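Fair warning: this is a prediction, and the values are worked out from it, not measured in the lab. The chains referred to below are lettered A, B, ... by the order of the sequence lines, with proteins before strands, and numbering in each begins at 1. Just so you know, these numbers use all the heavy atoms, side chains as well, and skip hydrogens, waters and symmetry mates.
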Amino acid sequence: MSRWILHADLDQFLAAAELLRRPELAGRPLVVGGDAGQLDDPHARTVVATASYEARGYGVRSGMPMRLARRRLAETDAVFLPSDTTYYEQVSDEVMRLLRGLGEPVEVIGWDEAFVGTDGDPRELAHRIRGTVATTGLSCAVGIGDNTLRAKTATGYAKPGGIAELTAANWFATLGADPPEALPGIGRATARALAELGITTVTRLAESRPGDVAARLGPNRGPYYVSLGRGMGRTELETGPWVPRSRSRETTFPTDLTDRAALHTELRTLAHRVAADVAAEDRDCVRVGIRVRTRSFRTTTRSRALDPPGRGADAIADVAAQLLDELDPDRPVRLLGVRAELTEPA
DNA sequence: TCTGGGGTCCTAGGACCC
DNA sequence: TCTGGGGTCCTAGGACCC
């Protein structure tokens, strides 16, 4: 247990990582997203993964359709780069290695985010984290909190590249009047459900009766949301390596597929990629799932135990094919995905 | 906003068993 | 079989995060 929790969040990570190896692009709007093969396809159905701060100045945001981003940046000297996940993982690994070298407990929670705990001076550590990250050529914002939730929420006030602090002492003064969506873990759907209960601010959420929220949002989630409103979080960090529980691959096709044989070909390709990922983990698959999204954006999933568990590509592909046959989509398919649930690691 | 890809966790209903 | 209550597993879907 740590007296203080710090949350470090790398600034515009994918764009910043690209600038590390292409410093000549500094200052120009930069947008990262899509695969290398789709970059020049004007019809590709991709979205923005990360926009640099310059690009954000033109209203470009993560998750925005790439075609819209191109339109917004049409009159600029913007640069568009495909996602290079292998490279980002390398850069991320190096940053996390340096953070672990600080001598404090570290919990990695994503490519560009980590919690660091300390019983010492949190301001001093925050500056040390920023200095350490700076040695890689990247920068980060740091949130200081008395638990994980307050630290992560604080980072929102620190971006980009600053330091902010949220504790029990200033929690409600800082965001009590904000909508519940200001809290990590509460999205649009939950916010709407809370609004129907008359809960429109963090303070009102904190003052709600857990049972009332549970009746609407579930026996565990309800009380959990109330605890979020109160600013409660963990003070214990999970410092072990991240162990994936599943591996999946999915593809959105440039144009919808209707041909059954073509769907099966794509499904097998995905299943073999998943099988390779499973084998790379040196674990077995216990359950195979597929995901089908049709033209109307309606998404359906099916899954079945793999009996016996294993990692054979054909065994995984055969179950996926069975599930697709049983689902038998009668509408044009825009996305196909295959997922493997994994055994516990050895 | 014609809406990616890779993950995690929770919920709820039905099956099944005692 | 005019029929209870509960636990657990399986499955589909929803919500959220980066």
* Spatial distance of atom CD (A:Glu124) from atom CD1 (A:Ile129) [nearest 0.5 Å] -> 9.5 Å
* A:Arg287 has a side chain; which of B:dG6, C:dT11, B:dG5 sits nearest to it? -> C:dT11
* Should the pair A:His7 and A:Phe115 be assigned to parallel (<30°), tilted (30 to 60°) or perpendicular (>60°) ring geometry? -> tilted
* Return the value, rounded to whole Å, for the distance between atom CZ of A:Arg298 and atom C1' of C:dA12. => 11 Å
* For the side chain of A:Arg249, starting at C-beta, report the closest nucleotide among B:dG6, B:dG5, B:dC10. => B:dG6
* Asked: Any sub-3.5 Å donor-acceptor pair from A:Asn170's side-chain atoms to A:Glu165's backbone N or O?
  -> yes
* Starting at atom CZ of A:Arg67, determine the distance to atom C1' of B:dT3, rounded to an integer number of angstrom. => 10 Å
* Asked: From B:dT3, C:dA12, B:dT11, pick the nucleotide closest to the side chain of A:Pro65?
  -> B:dT3
Report, one pair per line, the protein and nucleotides 15-17 of chain B atoms (nitrogen or oxygen only) whose separation is under 3.5 Å.
none

* To do: Give one of base, sugar-phosphate or nothing for A:Gly185, where a contact means two heavy atoms less than 4.0 Å apart.
  => sugar-phosphate
* Does B:dC9 have OP1 or OP2 sitting under 4.0 Å from an N or O in the side chain of A:Arg245? -> yes
* Using a 4.0 Å heavy-atom cut-off across all strands, classify A:Thr85 as base, sugar-phosphate, or nothing. => nothing
* Looking at A:Thr301, does any N or O in its side chain come under 4.0 Å of the phosphate oxygens OP1/OP2 on C:dG13? -> yes
* **Selected nucleotide, minimal atom distance to A:Ser303 side chain, candidates B:dG4, B:dG7, C:dA12** => C:dA12
* **Integer-rounded Å distance: B:dT8 C1' and A:Glu250 CD** => 14 Å
* If you look at every strand shown and take non-hydrogen atoms under 4.0 Å, does A:Ile109 touch a base, only sugar-phosphate, or nothing? -> nothing
* **For B:dC18, the Watson-Crick or wobble partner whose two distances fall under 3.5 Å** => C:dG5
* Picking from C:dA12, C:dC18, B:dT11, which would you name as closest to the side chain of A:Lys152? -> C:dC18
* Structure fact -> Contacts of A:Ser296 and A:Ala215 projected onto DNA chain B by closest heavy atom; the upstream (5') one is A:Ser296
* Whole angstrom value for the distance that separates C1' of C:dG13 from CZ of A:Phe297 -> 15 Å
* Asked: Rounding to a whole Å, what distance do you find between A:Glu89:CD and B:dG5:P?
  -> 17 Å
* To do: Would you indicate what A:Arg61 reaches in the nucleic acid, counting non-hydrogen atoms under 4.0 angstrom: base, sugar-phosphate, or nothing?
  => nothing
* Could you give the distance separating B:dC17 and C:dG4 at their C1' atoms, to the nearest angstrom? => 14 Å
* Asked: On DNA chain B, nearest-nucleotide positions of A:Ala214 versus A:Phe253: which is more 5'?
  -> A:Phe253
* To do: Mind calculating the distance between CZ (A:Arg293) and C1' (C:dG13) to the nearest angstrom?
  => 13 Å
* Please check the phosphate of C:dA12 (OP1 and OP2 only) for any side-chain N or O of A:Arg291 closer than 4.0 Å. => no
* Contact check, side chains of A:Thr235 and A:Asp146, non-hydrogen atoms, under 4.5 Å -> no
* To do: Drop me the distance from A:Thr190's OG1 to A:Tyr225's OH, to the nearest 0.5 angstrom.
  => 3.5 Å
* To do: Side-chain contact test, heavy atoms from C-beta onward, threshold under 4.5 Å: evaluate it for A:Arg291 versus A:Arg339 and give yes or no.
  => no
* Asked: Rounded to the nearest 0.5 Å, how far does CG of A:Asp178 lie from OG1 of A:Thr201?
  -> 9.0 Å
* What nucleic acid atoms does A:Thr300 come within less than 4.0 Å of, heavy atoms only: base, sugar-phosphate, or nothing? -> sugar-phosphate
* **Closest to side chain of A:Arg221, choosing from C:dC18, B:dT8, B:dC10** => B:dC10
* Heavy-atom side-chain contact between A:Met66 and A:Val31 under 4.5 Å -> yes
* Asked: Looking only at side-chain N and O atoms, does A:Asn220 come under 4.0 Å of OP1 or OP2 in B:dT11?
  -> yes
* **Pi-cation contact, A:Phe297 with A:Arg334 (under 6.0 Å, within 45°)** => no
* Structure fact -> From CG of A:Asp256 across to P of B:dT3 the rounded distance in Å is 10 Å
* Asked: Is A:Thr252 near enough to B:dG5 that one of its side-chain N or O atoms lies under 4.0 angstrom from OP1 or OP2?
  -> yes
* Value in whole Å for how far the P atom of B:dG6 lies from CG of A:Leu336 -> 12 Å
* **Nucleotide nearest A:Val47 when distance is taken to its side chain, options C:dA12, B:dG7, B:dG4** => B:dG4
* **Nucleotide nearest A:Ser246 (side chain, heavy atoms from C-beta), chosen from B:dT3, B:dG7, B:dC2** => B:dG7
